[in-house]
Amino acid sequence: MIYIRLKDGSQREYPEGISLLQVAESISPKMAKFAVAAVFNGQVTDLNATVQEDGELDILNFEDERARIVYRHSSSHIMAQAVKRLWPKTKFAIGPAIDKGFYYDFDTEHTFTPEDFILIEKEMESIIKSDYPFVRQELSREEALQFFADRHEDYKVELIQDLPEDAVIGLYQQGEFVDLCKGPHVSSTGKLKAVKIMSLAGAYWRGSENNKMLQRIYATSFPKQAMLDDYLNKLEEAKKRDHRKLGKELGLFVLLDEGPGFPFFLPKGMVLRNELEQYWRDQHQKAGYQEIRTPIILNTELWHRSGHWDHYKDNMYFTKIDEEDYAVKPMNCPGGIMVYKQNLHSYRELPIRTGEMGLVHRHEMSGVLHGLMRVRAFTQDDAHIFMLPEQIIDEINGVMNLIDLFYKQFGFSYHVELSTRPENSMGSQEVWDMATDALKQALEEKSMPYKINEGDGAFYGPKIDFHLQDSLDRTWQCGTIQLDFQMPEKFDLTYIGEDGEKHRPVMIHRVIYGSMERFIGILIEHFAGAFPTWLAPVQVRVLPITERQHDYTETIIARLRDEGIRVEVDKRSEKIGYKIREGQLQKIPYLLVIGDKEIEANAVAVRHRKEGDLGAQGLDEFIAMIKTEIANKMIK
RNA sequence: GCCGAUGUGGCUCAGGGGUAGAGCAGCUGAUUCGUAAUCAGCAGGUCGGCGGUUCGAAUCCGCCCAUCGGCUCCA
């Protein structure tokens, strides 16, 4: 007999060798029905696993993230089984669970098409209906290699070869299909209820462009059809917030074939952009920054000295002036450094914080361009901080605080990653370790949770990256703080210390928005185009009901303009409902409806895009209200 | 750059070897109206580009370009 203690603290007695699923059934048939996986003694485990020892048990249903991973992982095996049945010659690579579903990478002569989705889904449904149990077997490394080699599963063989010599290899079988897998899995294929193939993509084996490109099928699964429907609806809703669609509808920017990756900002987009820049200047002035501007084209010699030639030239554009070689800047740092070098600096001056709205150009590969999120010309809200070594932590903290202030202003939540030394980089390992430790220390002092991104740093130093999400939960790096001991060396930067000698300053490269373009993209999706009034390209639109109100409307517009409010008028001879509809679709914060009643009362009828008809107000009252909203940068 | 899909008036989309179609937007006229679409008329496209097949190509084929979803890469 063994004793199993449950999450609620109660303890039950079972015969040795009982399966966890049987335990779940003994507690509650309903619990067993919705059970996906179990946690036994802290390990996520198959429900089909049997237990021989006392332990603590927690039964997980789909609500638990760990269980969802198991559920989707099992789903990927079922999809693989379906593909194997339909195209028996297919070779199988990997099939993990991902955030909202799963994928499997296949190598096959057959080129999958969207028409195949239905076939695969049908086959999956048939496998689900058969309710095959997922059966775990374990083989030695040798046996497993033999097993997959016999089946010509080259990718599986390669995977096993990379496992340690003494590894016990897990295999899972459902019906006729066997796959290499450490598990765990759901108890049987019948646990799946709703599956949907989502999309098709190419993906390199093991993520390296030197390897063969496989065909990846993305899909998702849920334990209830209603949950799948709900998920698909949410996806549709999210697509309506796509900044590329809203950018067009709201007249903010365009991307044309004439300049792939080079966005055109339209008048309304410029208003938004200028407001963001104004806020940026205000806050940086308060935080002790000075603003500079450096040239876009600079002599190639400078780029050799900075290391960009060696590490970044594939991403740069070049030109010639009077037979001399020049490059279009992909980064602002050399310019900022040249400014620092214009004077001798005393240790008393440091830290020196120089900011620059710097327009950079980068030759990004054609396949990676994505609306405003990934472009070839963008403005970085850059700054370079030159400081004493003992000021590093304080300065990093200062930048982290500034980033937090900005992101909170827009109501963004963000996550942080620490990127370490990449392969193609400059400087000694010692200096890199020092810089990386400094960033770690700053993060830990702030008890900021972070993920480590090995090998993802800049070529001159490690960095802390701040990531924001778009409407489809894809994350984009916006803010970054990069610590650099290399450029000061390369450019022989100095300050005069207390001792009267020359010393080497340390540099921080940092951005808050990241790039104006990307940040605006994120902002559009975050607010679904309904920007807070302080950012809204048009803050008020005045809608006269008939021509009789045109004169009065003019006086209102003049007054609002005078108060610095961005106002438009719709004098077309359309019905008021039509004008309101258009104003709503343009997501204008306030529509002022003007009829005879308003003229008589010397008032305006206020309609807010979210709150609807707010009734009539005196014009002064309305102006006071909207000005408060703008001044406080309120989000509503 | 790689894999797959897509490209038709300003926008959203239909059509598909026999000389381009709708709705919205636009323009003109009528209407003067109270919180998400008033009616009528008019105008607008060498169907992404270049080649090829064909008596004939928007439609079939090839190459290129751009976009979308991924991979790789990155602010």
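Quick note on labels: first sequence line is chain A, next is B, and so on, each numbered from 1. Predicted model only: the values in this text are computed from it and were never measured.
- Between A:Glu417 and A:Lys451, at least one side-chain nitrogen of the basic residue sits less than 4.0 Å from a carboxylate oxygen of the acidic one, meeting the salt-bridge criterion.
- In this structure, the nucleotide among B:G34, B:A75, B:G70 sitting nearest to the side chain of A:Tyr218 is B:G70.
- Using a 4.0 Å cut-off on heavy atoms, the residues of residues 606-619 of chain A that approach RNA chain B are A:Arg607, A:Asp613, listed by number.
- To the nearest angstrom, P of B:G4 lies 13 Å from CZ of A:Phe112.
- Aromatic ring pairs are classed by plane angle as parallel below 30°, tilted from 30° to 60° and perpendicular above 60°; the pair A:Tyr460 and A:His308 is tilted.
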Close N or O pairs between protein and nucleotides 63-67 of chain B (under 3.5 Å):
unit_1: B:A66; atom_1: O2'; unit_2: A:Asp257; atom_2: OD1; d: 2.5

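- Salt-bridge annotation for A:Arg474 and A:Glu525: absent, with no side-chain N of the basic residue lying under 4.0 Å from a carboxylate O of the acidic one.
- Taking a pair to require two hydrogen-bonding distances under 3.5 Å in either a Watson-Crick or a G-U wobble arrangement, B:G29 pairs with B:C39.
- Taking only side-chain atoms of A:Ile576, from C-beta outward, the nucleotide of B:U12, B:G69, B:G34 with the closest atom is B:G34.
- Of the candidates B:C33, B:A75, B:G69, the closest approach to any side-chain atom of A:Lys575 belongs to B:C33.
- Of the listed nucleotides (B:G70, B:A30, B:G1), B:G70 has the atom at the smallest distance from the side chain of A:Ala201.
- As the counterpart of B:C2, B:G70 is assigned, both hydrogen-bonding distances of the Watson-Crick or G-U wobble pattern falling under 3.5 Å.
- Across all strands, A:Glu547 comes closer than 4.0 Å to base atoms (heavy-atom distances).
- Distance from the side chain of A:Val368 is smallest to B:U72 among B:G34, B:A75, B:U72.
- The side chain of A:Ala605 lies closest to B:U35, out of B:U32, B:U35, B:C71.
- Under the Watson-Crick or G-U wobble criterion, with both distances below 3.5 Å, B:G62 is paired with B:C50.
- A donor-acceptor contact shorter than 3.5 Å links the side chain of A:Arg362 to the backbone of A:Pro330.
- Comment: A:Glu158 does not engage A:Lys212 in a salt bridge, judged by the lack of any side-chain N to carboxylate O separation of less than 4.0 angstrom.
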Set out, in order, the CA-CA distance, both residues' side-chain angles and the distance that settles salt bridge (Lys or Arg N to Asp or Glu O under 4.0 Å) for A:Glu236 and A:Lys240, then state yes or no.
CA-CA 7 Å; A:Glu236 284 307 308; A:Lys240 289 184 190 159; over 6 Å; no
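- Relative to the ring axis of A:Phe222, A:Arg72 places its NZ or CZ within 45° and under 6.0 Å from the centre.
- One cannot find a donor-acceptor pair under 3.5 Å joining the base of B:G34 and the side-chain atoms of A:Gln549.
- B:C63 and B:C68: their P atoms are spaced 23 Å apart (whole Å).
- Taking the side chain as every heavy atom from C-beta outward, A:His509 and A:Asn332 never approach each other to under 4.5 Å.
- Within the nucleic acid shown, A:Glu574 comes within 4.0 Å of at least one base atom, counting heavy atoms only.
- B:C24: Watson-Crick or G-U partner is B:G10, with both key distances under 3.5 Å.
- Side chain to side chain, A:His110 and A:Asp116 meet the donor-acceptor criterion of an N or O pair below 3.5 Å.
- Residue A:Tyr578 places its side chain closer to B:U38 than to any other of B:G34, B:C71, B:U38.
- Donor-acceptor pairing under 3.5 Å is recorded for the side chains of A:Tyr414 and A:Asp404.
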